[in-house]
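Working notes, beginning with the structure itself.
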2 protein chains.
Amino acid sequence: MSQETYTIGQVATRFNLSVSTLRYYDQEGLIPNLTKDQAGIRRFNNENLEALQVVECLKTSGMSIKDIKQFMQWSSEGDETLAQRLTLFQKLREHLESQLDLLERNLRVVDYKCAYYGQAVEDGTEARVKQTGQSIREIANH
Amino acid sequence: MSQETYTIGQVATRFNLSVSTLRYYDQEGLIPNLTKDQAGIRRFNNENLEALQVVECLKTSGMSIKDIKQFMQWSSEGDETLAQRLTLFQKLREHLESQLDLLERNLRVVDYKCAYYGQAVEDGTEARVKQTGQSIREIANH
DNA sequence: ATAATGTCTCAAGCTAACTTGAGGTCAAGC
DNA sequence: GCTTGACCTCAAGTTAGCTTGAGACATTAT
């Protein structure tokens with residue numbers, strides 16, 4: 001377990017976030033137990049970095065800052081909130097599954113569009129490929 | 001080819017969008033060739049509905065209104081813009097693939113969290129399951 | 001007839017998630 | 001010793017994507 005700490009600038013680089021975004025997250029309570037040194041400078045430790053990993057996962061899964069904050073609060077409230085946290089992740093799993101489903105359908109449509117416009121560009125015109133075109137719904141529904 | 005038309009309310013219901021959202025889309029140029037009757041009421045025909053299908057696909061793939069509008073404009077400019085439209089869909093395909101990748105990684109993390117909190121709830125405490133816990137990065141990277 | 005329902009425009013309002021700017025501290029390098 | 005760069009706070013500004021509200025017609029149900 002390393003005792004090392006990192007500055008906000010280092011963390012920003014590592015997570016590919018801006019410094020002001022990190023300060024905003026701190027302010028919004030997404031990084032529990034983040035402390036400042038005697039000069040008032042934020043010192044990120046490993047626990048903070050792990051929290052940030054979770055934040056990134058939740059954020060890119062579509063969760064709002066407010067809901068992520070709620071989760072972080074529950075986490076710091078101990079065993080009393082275990083059920084809420086379980087429920088949150090179960091809902092998130094369902095959400096992710098339907099997201100994946102949607103994106104896969106979209107990918108099929110986009111693949112078709114690539115083929116369509118690929119042919120059209122080859123032909124120099126949309127006219128021919130337009131004739132044989134399928135509707136989007138046909139493609140999306142496999 | 002049906003000649004039928006639909007009111008904004010009917011379309012809103014069918015697409016699960018609000019009436020004001022549809023008006024906003026129209027205003028932003030996402031629905032080419034949408035016409036109004038003598039009373040000034042929007043009449044959606046099949047072409048408009050198909051455009052709306054595309055809008056939904058692009059939107060849920062993460063494209064901005066502005067970029068969707070650009071695509072719709074290109075579409076109505078004819079064969080001169082075929083190359084741009086092809087490029088757009090090729091980029092979108094890449095975007096979708098990395099989106100899918102990310103969400104799949106997130107799903108693995110969330111699955112782990114479900115198992116973690118499932119056990120914790122059973123135990124009545126996080127203490128035990130915390131011992132054996134893996135780091136997020138381990139899970140996300142398979 | 002009258003009231004409810006659905007449509008319209010146009011302008012203003014709203015929320016989320018940041019970003020920017022002013023004004024200030026501190027440590028390191030020249 | 002002074003400037004540069006990284007950090008700080010706090011308040012205000014920004015952008016996207018809608019939503020809401022006021023005021024007005026027109027068609028349908030009672």
Side-chain angles (χ1 to χ4, degrees), chain A residues 4-31 33-45 48-49 51-52 54-73 92 95 99 102 106, chain B residues 4-31 33-45 48-49 51-52 54-73 92 95 99 102 106:
Chain A
E4 217 175 333
T5 69
Y6 309 88
T7 67
I8 198 167
Q10 295 170 323
V11 176
T13 303
R14 180 183 296 195
F15 280 84
N16 209 21
L17 294 169
S18 77
V19 166
S20 57
T21 299
L22 282 172
R23 284 202 270 251
Y24 169 69
Y25 285 178
D26 181 25
Q27 177 186 310
E28 293 303 306
L30 306 194
I31 319 173
N33 308 323
L34 175 55
T35 58
K36 296 174 188 168
D37 67 14
Q38 69 293 348
I41 290 175
R42 289 175 183 81
R43 289 287 159 191
F44 291 75
N45 62 22
N48 304 141
L49 297 190
L52 225 31
V54 176
V55 168
E56 277 300 86
C57 173
L58 299 182
K59 196 181 61 162
T60 59
S61 297
M63 254 175 81
S64 71
I65 298 291
K66 198 179 145 193
D67 287 350
I68 299 174
K69 174 189 192 159
Q70 173 69 275
F71 169 70
M72 290 301 174
Q73 268 173 4
L92 189 55
H95 175 73
Q99 262 305 99
L102 178 61
N106 286 357
Chain B
E4 216 174 334
T5 67
Y6 309 87
T7 66
I8 199 166
Q10 294 170 324
V11 176
T13 304
R14 180 182 298 196
F15 280 85
N16 208 21
L17 294 169
S18 76
V19 166
S20 57
T21 297
L22 282 171
R23 284 203 271 252
Y24 169 69
Y25 286 176
D26 181 25
Q27 175 186 312
E28 292 303 307
L30 305 193
I31 318 172
N33 309 323
L34 176 55
T35 57
K36 296 174 189 169
D37 67 14
Q38 69 293 347
I41 289 176
R42 290 174 182 81
R43 288 287 159 193
F44 290 74
N45 63 21
N48 305 139
L49 297 190
L52 225 31
V54 177
V55 168
E56 277 300 86
C57 172
L58 299 182
K59 196 180 62 161
T60 59
S61 297
M63 255 175 82
S64 70
I65 299 290
K66 198 178 146 193
D67 288 350
I68 298 174
K69 173 190 192 157
Q70 173 69 275
F71 169 71
M72 290 302 175
Q73 266 173 5
L92 188 56
H95 175 73
Q99 260 307 98
L102 177 61
N106 286 357

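The sequence lines fix the lettering, A, B, ..., with proteins before strands; numbering per chain opens at 1.
Within the 4.0 angstrom heavy-atom criterion, base atoms lie near Arg23(B). Base engagement by Ser20(A) is indicated by at least one non-hydrogen atom pair under 4.0 Å involving a base atom.
Look at Tyr24(B) and you won't find any side-chain N or O under 4.0 angstrom from OP1 or OP2 of dA16(D). Neither OP1 nor OP2 of dA16(D) sits under 4.0 Å from any side-chain N or O of Ser64(B).
Checked against dT19(C), dC8(C), dA17(C), the side chain of Ile65(A) finds its nearest nucleotide in dA17(C). Checking dC8(C), dT19(C), dC8(D) against the side-chain heavy atoms of Lys36(A) singles out dC8(D) as nearest. Closest to the side chain of Ile41(B), from the set dC18(D), dC8(C), dC18(C), is dC8(C). Residue Thr21(A) places its side chain closer to dC18(C) than to any other of dC18(C), dC7(D), dC18(D).
A donor-acceptor pair shorter than 3.5 Å can be found between the side chains of Tyr25(B) and Lys59(B).
Distance CD (Gln38(A)) to C1' (dC26(C)): 10 Å, rounded to an integer number of Å. Look at CG on Leu34(B): it is 9 Å from P on dC8(C), rounded to the nearest Å.
With rounding to the nearest 0.5 Å, the separation of CD in Gln70(B) from CE in Met63(B) is 8.5 Å.
Remark: Arg14(A) qualifies as a cation-pi partner of Tyr6(A) under the 6.0 Å distance and 45° angle criteria applied to the six-membered ring.
Applying side chain to side chain contact (heavy atoms under 4.5 Å, CB included) to Val11(A) and the options Leu22(A), Val19(A), Leu17(A) leaves one that passes, Leu22(A).
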